[in-house]
Amino acid sequence: MLDLKFVRNNPEVVKTALQKRRSSISLDPFLELDERRREKLVKVEKLKNKRNVVSEEIGRLKKVGQLAENLVLEMRQVSDEIKNLDEEIRVLDQQLQRVLLAIPNIPDDSVPEGIDESDNIELRRWGEPRQFDFDPKPHWDIGETLDILDFERGGKVTGARFTFYKGAGAALERAVFNFMLDVHTREHGYIEIIPPFMVNSNSMIGTGQLPKFAEDMFKVENTDYYLIPTAEVPVTNLYNNEILNGDKLPIYHCAFSACFRAEAGAAGRDTRGLIRQHQFNKVELVKFVRPEDSFAELEQLTLNAEKVLQLLELPYRVVTLSTGDLGFSSAKTYDLEVWLPSYNNYKEISSCSNFLDFQARRANIRYREGKVKPRFVHTLNGSGLAVGRTVAAILENYQTDTGTVKIPAVLHPYMGGIKEIN
RNA sequence: GGAGAGAUGGCCGAGUAGGUCGAAGGCGGUCGCCUGCUAAGCGAUUAUACGAGCUAAAACUCGUAUCCAGGGUUCGAAUCCCUGUCUCUCCGCCA
């Protein structure tokens, strides 16, 4: 959420940002609401002041045994007026809040302007896509042939876009996220978290999934709980409504979780394999940092995620998302895209974003340093990495002409010494 | 699921026959004094949000709100009533 005062004082800046994002939101209702609200506020506060002063006076009079009927009667009227005004303000507040929560973050100046993902800018590449001297198979074929992935029965037991991992497949999945967690905790200084896989609606508002994107999530019936679409939600909200001690910053967390996405509107896209599931595992990186450091922290975070791909020796590239492809809460995002032979292309496997104080303001996460007023922290997060897509990339990139799959060297210790799935 | 107790400032903890309580006291923090050093001691200060005024912006001044949340009673509520949430204890159930 943007700062109310900032929007009030810089409407042109916000309007320009909305245009860059190709957003259709209009700011005018907001400005008008804001003005009306302040008008009423001044009025009601004057009345409240009067009530406070006179009530005190009544107390004093009663103490010395005097009646103050006329004052009481007058105040009864004033209180009624206050009640009405308060109600009007409450409604205005609500409307204002609704508009404010629907305004996306302002893209950073370094973000390329564009309409959609085709305007994303490639920053760098790592590794060379392997040249196959046979016809490489997609991972869903490999998985079924080796009997390590069962899409059929996933569909039977639950529904489309749910999968069973089996035998070496399950072991590989587990090896991959254990490896990722070890890299980030031991080499990159992240503190590990295992969060709740459900959160309440307040937390969903805090990170920006609600109120706009309710249809993308699974809600638990008869409760206020949602299945998390990413560990970003519980982990970022870990410190909501708190004032952190400045000497605790920066805070780095990495978290393993299952992620649940309704994938509304994704019908027909990535229908086969592990790429787009309703449930998948992910290791997430989350940072809470001082505002002045956040862009440097974004670079570092991205490198931390890249490191995993490098260690697994999977070719990838890094792209900067254009304003048209940028997520709602993000001011700047780098996507890591891994090489997938079945797509004959690079496919997103991590998304690393700087949210500035956008989430911190929604979730009310502040820090205090010295005697100055508390400030909002900046939050960042990135996948480090999506586990299912990593497994898919390993199966495809490490397949052999005999139909087996070699295990990347760094995973051998995590696979009990198994070097090849056959 | 049943019964009971509780929720006050960064922390601990007063405050229930409603009235000057944003809230005693302690701890912690900050600044200053004192001190050969350390420790101790002395003094002061120490919540947040919103709005108005003044500002280039702050600072500042004033106002309003906030004693878990939301309603209610009342001229006036941390204090009374209702609802909800959470925590703790006991019982039941359970991985």
Side-chain angles (χ1 to χ4, degrees), chain A residues 1-10 12-13 30-101 194 196-206 220 222-226 234 237-249 251 258 288 291-292 357 360-377:
Chain A
M1 165 167 74
L2 299 177
D3 180 24
L4 181 98
K5 283 181 204 161
F6 178 85
V7 181
R8 180 189 300 154
N9 296 327
N10 305 277
E12 291 314 314
V13 175
F30 168 87
L31 296 169
E32 192 201 324
L33 282 169
D34 177 54
E35 203 167 317
R36 267 167 56 204
R37 186 188 83 101
R38 277 183 293 154
E39 216 170 89
K40 303 257 186 216
L41 208 52
V42 171
K43 215 161 154 187
V44 81
E45 286 187 353
K46 276 190 183 139
L47 287 175
K48 282 181 177 172
N49 178 239
K50 182 176 182 183
R51 181 177 70 181
N52 287 346
V53 171
V54 175
S55 289
E56 213 171 278
E57 175 67 16
I58 292 172
R60 229 180 340 250
L61 289 173
K62 287 222 166 151
K63 204 162 257 178
V64 294
Q66 292 193 38
L67 290 177
E69 258 323 296
N70 52 337
L71 286 179
V72 170
L73 283 173
E74 192 189 340
M75 283 312 103
R76 201 169 288 170
Q77 292 234 331
V78 170
S79 271
D80 280 348
E81 259 183 272
I82 289 173
K83 206 176 204 170
N84 290 335
L85 278 170
D86 268 345
E87 174 60 18
E88 289 176 43
I89 290 168
R90 195 188 62 80
V91 171
L92 287 172
D93 261 337
Q94 216 171 25
Q95 293 173 337
L96 207 53
Q97 198 67 8
R98 206 169 55 211
V99 179
L100 207 54
L101 284 174
I194 299 178
F197 291 3
M198 296 184 212
V199 297
N200 59 33
S201 56
N202 184 55
S203 295
M204 285 294 191
I205 290 169
V220 181
N222 298 323
T223 69
D224 185 41
Y225 298 158
Y226 291 82
N237 280 287
L238 194 53
Y239 304 112
N240 75 22
N241 289 311
E242 292 191 34
I243 300 176
L244 302 167
N245 202 327
D247 58 26
K248 295 273 196 304
L249 296 180
I251 296 172
F288 304 84
E292 56 272 24
D357 59 6
R361 183 171 292 108
R362 287 173 162 245
N364 194 25
I365 307 167
R366 293 175 292 175
Y367 76 102
R368 189 199 301 275
E369 202 130 63
K371 290 201 77 167
V372 296
K373 291 209 311 182
R375 301 168 71 194
F376 288 111
V377 300

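Proteins get letters first, then strands, A, B, ... in listed order; numbering begins at 1 in each.
Using a 4.0 Å heavy-atom cutoff across all strands shown, A:Arg8 reaches sugar-phosphate atoms only and no base atom. Among the heavy atoms of the strands lying under 4.0 Å from A:Ile58 is at least one base atom, whether or not backbone atoms are also near. No engagement by A:Val54 is indicated, since no non-hydrogen atom pair under 4.0 Å with the nucleic acid exists. Within the nucleic acid shown, A:Lys43 has no heavy atom closer than 4.0 Å to any nucleic acid atom. Using a 4.0 Å heavy-atom cutoff across all strands shown, A:Lys5 reaches sugar-phosphate atoms only and no base atom. If you check every strand for non-hydrogen atoms under 4.0 Å, A:Ile243 touches nothing. Across all strands shown, A:Lys63 has heavy atoms under 4.0 Å from base atoms, whether or not it also approaches the sugar-phosphate.
At most 12 non-hydrogen atoms from other residues, nucleotides or ligands lie less than 6.0 angstrom from CD1 of A:Ile194. Open room surrounds OH on A:Tyr225; 12 or fewer heavy atoms of other groups in view lie less than 6.0 Å from it. More than 12 heavy atoms of other residues, nucleotides or ligands shown are found within 6.0 angstrom of CD on A:Glu242. Residue A:Glu87 places its CD atom among more than 12 non-hydrogen atoms of other residues, nucleotides or ligands, all under 6.0 Å distant.
The nucleotide whose nearest atom lies closest to any side-chain atom of A:Lys48 is, among B:U64, B:A52, B:G76, B:U64.
When both pairing distances are held under 3.5 Å, B:G18 makes no Watson-Crick or G-U pair with any nucleotide shown. The nucleotide B:U87 finds its pairing partner in B:A5, both defining distances of the Watson-Crick or G-U wobble pair being shorter than 3.5 Å. The nucleotide B:C31 finds its pairing partner in B:G43, both defining distances of the Watson-Crick or G-U wobble pair being shorter than 3.5 Å. For B:G36, there is no paired base (Watson-Crick or G-U wobble, both distances below 3.5 Å). B:G25 and B:C12 make up a base pair, with Watson-Crick or G-U wobble contacts both under 3.5 Å. Across all strands shown, nothing is found opposite B:U55 as a Watson-Crick or G-U wobble partner with both distances under 3.5 Å. With a cut-off of 3.5 Å on both pairing distances, the Watson-Crick or G-U wobble partner of B:U48 is B:A65. Pairing partner, B:U79: none, since no Watson-Crick or wobble contact has both distances short of 3.5 Å.
Close to B:U74, at under 4.0 Å from its OP1 or OP2, lies no side-chain N or O of A:Ser79. Residue A:Asn52 places at least one side-chain N or O closer than 4.0 Å to OP1 or OP2 of B:U64. Here A:Arg366 reaches the OP1 or OP2 of B:A49: one of its side-chain N or O atoms lies under 4.0 Å away. The phosphate of B:G51 (OP1 or OP2) has a side-chain N or O of A:Arg37 nearer than 4.0 angstrom. Between A:Arg38 and B:G51 there is no side-chain N or O to OP1 or OP2 distance below 4.0 Å. For A:Arg76, no side-chain nitrogen or oxygen approaches OP1 or OP2 of B:G76 to under 4.0 Å.
One interatomic measurement links the two molecules: CG of A:Asn49 to P of B:G63, which rounds to 7 Å at whole-angstrom precision. Rounded to a whole Å, the CE atom of A:Met1 is 13 Å from the C1' atom of B:C50. Remark: C1' of B:C62 and CG of A:Leu41 are 15 Å apart, rounded to the nearest angstrom. Across the protein-nucleic acid pair, A:Glu81 atom CD and B:G76 atom P stand 13 Å apart, rounded to whole Å. Rounded to an integer number of Å, the gap from CG of A:Asp86 to C1' of B:G71 is 13 Å. For the pair A:Leu33 CG and B:C50 P, the computed distance is 18 Å after rounding to whole Å. Distance, A:Asn200 CG to B:C86 P: 10 Å, rounded to whole Å. With rounding to whole Å, A:Lys83 atom NZ is found 18 Å from B:A65 atom C1'.
A distance of about 11 Å separates the C1' atoms of B:G15 and B:G25, rounded to the whole Å. Look at the C1' atom in both B:U38 and B:U48: the space between them is 38 Å, to the nearest Å. One P atom belongs to B:A65, the other to B:A23, and the distance between them is 13 Å to the nearest Å. The same atom, C1', is picked in B:C80 and in B:C67; the two are 16 Å apart, to the nearest Å. With both ends at atom P, the span from B:A17 to B:C12 equals 25 Å, rounded to whole Å. As rounded to the nearest Å, B:G22 and B:A78 have C1' atoms that lie 10 Å from one another. Comparing B:G9 with B:A69, their P atoms are spaced 10 Å from each other, to the whole Å. For the C1' atoms, the distance from B:U79 to B:C33 is 42 Å, rounded to whole Å.
If A:Lys46 and A:Gly59 are placed on RNA chain B by their nearest nucleotide, the residue sitting closer to the 5' end is A:Gly59.
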| When you look at A:Glu81 and A:Arg51, which way does the side chain to side chain contact (heavy atoms under 4.5 Å, CB included) test go after all the steps? | CA-CA 11 Å; A:Glu81 259 183 272; A:Arg51 181 177 70 181; over 6 Å; no

| request: Dump the intermediate steps for side chain to side chain contact (heavy atoms under 4.5 Å, CB included) on A:Val78 and A:Met75, then the final yes or no. | output: CA-CA 5 Å; A:Val78 170; A:Met75 283 312 103; 3.9 Å; yes

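Side-chain contact annotation: A:Asp224 with A:Asn200, donor-acceptor N/O pair under 3.5 Å absent.
With hydrogens and angles ignored, the 3.5 Å screen pairs no side-chain donor or acceptor of A:Arg8 with any backbone N or O of A:Glu35.
Put simply, the side chain of A:Glu56 and the base of B:G19 share no donor and acceptor less than 3.5 Å apart.
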